[in-house]
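Worksheet: one structure, shown below.
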Number of protein chains: 2
Amino acid sequence: MARPRKPLLSRDRIVEAASALVDAEGLEGVSTRRLAAELGVSGPSLYNHFRTKDEILEAVADAVSAKVDLSMFDADDGREWRQALHDWALSYRAALTEHPHIVPVLARGPGRRPAGLRVADAVFGAMVRAGWPPAQATYIGALMRYFVTGSALGSFARGFVDDATAYDPADYPHLGQAHLLADHQERVDEGAFETGLRALLDGLGVQYEAVRRRPRGPAEARTTVRPAPKPG
Amino acid sequence: MARPRKPLLSRDRIVEAASALVDAEGLEGVSTRRLAAELGVSGPSLYNHFRTKDEILEAVADAVSAKVDLSMFDADDGREWRQALHDWALSYRAALTEHPHIVPVLARGPGRRPAGLRVADAVFGAMVRAGWPPAQATYIGALMRYFVTGSALGSFARGFVDDATAYDPADYPHLGQAHLLADHQERVDEGAFETGLRALLDGLGVQYEAVRRRPRGPAEARTTVRPAPKPG
DNA sequence: ACCTGAACACCGTTCAAGT
DNA sequence: ACCTGAACACCGTTCAAGT
């Protein structure tokens with residue numbers, strides 16, 4: 001069989017199989033030959049649909065971004081911007097922790113991925129509507145992204161070993177109980193995420209009040225970052 | 001030449017060469033053969049000093065962690081915890097942006113890397129000394145890490161293309177100026193980082209006041225996360 | 001103990017050949 | 001247009017052989 005009358009492959013089928021493989025085996029488990037085998041074709045066939053393996057992984061990452069709920073940013077649902085950011089962050093993090101192995105790819109940046117851009121667009125638009133200056137709205141999209149991807153990528157607790165002898169008090173005077181962290185991994189990561197998210201939103205609240213109070217004095221315009229590259 | 005009287009290699013030499021290679025070519029530029037060639041030996045020689053290539057990369061990441069300034073956490077330098085966290089975050093970020101290609105490895109978590117653990121230890125110790133409950137001190141170390149590594153990993157602006165036609169208003173109604181971001185990349189990332197850091201510290205300040213006010217009521221103990229796995 | 005070359009079991013990608 | 005097998009230039013790692 002050289003060419004079937006009905007194509008055996010499609011971008012969607014490839015992305016679906018690649019996602020399953022990434023979830024099951026991690027990024028290292030994905031080779032073009034392995035993926036092709038999973039799809040019942042030979043390795044080079046994939047190159048009729050994607051230019052590189054990396055493009056396939058980008059598509060997998062984008063499929064995860066597409067699962068992030070953005071409905072809280074809808075114009076007139078009566079939600080406050082802080083509440084919307086909060087809910088979005090939870091949905092964002094949930095999407096990532098459901099597919100942890102692809103996070104390194106996704107964390108590289110929103111890039112050209114359509115779903116990633118849709119996220120950036122929604123956040124930026126909602127913040128501007130809420131009264132944030134465009135420059136700040138851009139920053140908020142970026143910094144929230146930093147925090148959420150950072151938390152999904154580097155489970156803090158996962159790094160600690162479940163071995164009391166691993167942390168010599170002479171080297172790490174305050175890590176006496178560190179070996180216990182291995183057990184409490186998830187709880188610590190979630191606590192840190194919640195604490196950080198609350199801090200972020202409270203802190204943005206402070207800045208929001210300041211911005212609202214002096215909405216755009218010319219003196220400020222001179223000392224501030226500059227007109228404001230949009231967005232997002 | 002089979003075995004020289006003086007070893008040709010050492011862990012330090014290997015890490016040094018690997019760091020240079022990572023900086024110059026990125027992670028993909030590092031192969032064991034390439035690295036060995038740079039050191040004037042054959043590929044398998046490396047395995048006398050490291051068990052795997054990944055162990056070499058971990059060591060490179062740890063060398064970067066070792067450059068993070070921790071002196072602001074020294075017991076009696078009169079600094080306030082917020083100021084210390086702020087200065088540390090800047091130093092942390094600076095270390096990472098100087099070696100951007102290794103960040104994905106470093107962001108995986110502090111793991112067993114000695115310098116990474118030293119960082120965790122210093123932050124945890126300083127926060128506890130400042131009056132934070134151990135559980136919260138643990139969270140602070142983790143959430144600061146999320147934010148800093150996330151910002152170093154995923155340059156938000158870098159993701160946007162310098163092409164006005166790339167962002168169809170029908171798809172992304174608020175991304176009209178997105179193509180300008182490519183130009184302002186660094187400024188946006190720095191603005192987002194500063195804005196986020198300030199928000200984080202302000203927000204933690206709010207939580208600090210709350211914790212200080214009610215230092216450990218039994219009612220709180222029941223509703224709060226739980227005793228507190230240390231640290232760090 | 002520490003280096004070597006040869007070898008194993010893989011890679012991503014290109015390309016001419018098939019229909 | 002879409003798949004194939006063969007091939008190219010790589011990989012990380014193991015291992016027996018050398019000193």
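Every value quoted in this text rests on a predicted model; they were computed, and no experiment measured them. In what follows, every chain begins at residue 1, and chains take the letters A, B, ... in the order their sequences are listed.
- Atom name C1', nucleotides C:dC15 and D:dC3: the rounded distance is 13 Å, in whole Å.
- When distances run from any side-chain atom of B:Y47 to the nucleotides D:dG5, D:dT13, C:dC3, the shortest one goes to D:dT13.
- In this structure, the CG atom of A:L57 is 12 Å from the C1' atom of C:dG12, given to the nearest Å.
- Not one side-chain nitrogen or oxygen of A:T32 sits closer than 4.0 Å to the OP1 or OP2 atom of C:dT13.
- The interatomic distance linking A:N48 (CG) with C:dC15 (P) rounds to 14 Å, in whole Å.
- Of the charged side-chain nitrogens involved, none lies within less than 4.0 Å of a carboxylate oxygen, so that B:D62 and B:R118 do not count as a salt-bridged pair.
- Note on A:S31: only backbone sugar-phosphate atoms sit closer than 4.0 angstrom, heavy atoms only; bases stay farther off.
- Regarding A:R11, its CZ atom lies at a distance of 14 Å from the P atom of D:dC3, rounded to whole Å.
- Residues B:Y92 and B:D87 have side chains that never bring a donor and an acceptor to within less than 3.5 angstrom of each other.
- For the pair B:E28 CD and C:dT13 C1', the interatomic distance rounds to 15 Å; values are reported in whole Å.
- Counting heavy-atom neighbours within 6.0 Å of B:E16 CD, excluding the residue itself, gives a total of 12 or less.
- Nearest nucleotide to the side chain of B:S42, out of C:dT4, C:dT13, D:dT4: C:dT4.
- Contact check on A:R198 versus A:E194 returns no salt bridge, with no Lys/Arg side-chain nitrogen under 4.0 Å from an Asp/Glu carboxylate oxygen.
- Atoms CG and NE2, on B:L197 and B:H86 in that order, are 5.0 Å from each other to the nearest 0.5 Å.
- If you check D:dC3, D:dT13, C:dC3 against the side chain of B:P7, the one that comes closest is C:dC3.
- A stem is defined here as three or more consecutive Watson-Crick or G-U pairs, each with both distances under 3.5 Å; for DNA chain D these stems are C:4-8 with D:12-16, C:12-16 with D:4-8.
- One interatomic measurement links the two molecules: NE2 of B:H49 to P of D:dT14, which rounds to 15 Å at whole-angstrom precision.
- Here the side chain of A:P44 is nearest to one of D:dA7, D:dC3, C:dT14, namely C:dT14.
- Residue B:F50 contributes atom CZ, which lies 15 Å from atom P of D:dG12 at whole-angstrom precision.
- One interatomic measurement links the two molecules: CG of B:L39 to P of C:dC2, which rounds to 15 Å at whole-angstrom precision.
- Each of A:G43 and B:K53 lies near DNA chain D, and the nucleotide nearest A:G43 is the one positioned closer to the 5' end.
- Nearest-nucleotide positions on DNA chain D place A:G40 closer to the 5' end than the other of A:G40 and A:R33.
- Between the side chains of A:D69 and A:S71, at least one donor-acceptor pair of N or O atoms lies under 3.5 Å.
- Between the CG atom of B:L9 and the P atom of C:dC2 there is a distance of 10 Å, given to the nearest Å.
- In this structure, A:R34 pairs ionically with A:E25, as a charged nitrogen and a carboxylate oxygen lie closer than 4.0 Å.
- Judged by closest nucleotide on DNA chain C, A:R34 is the one of A:R51 and A:R34 placed further toward the 5' end.
- In summary, the aromatic rings of B:Y139 and A:F193 are positioned with their centroids too far apart to meet the 6.0 Å limit.
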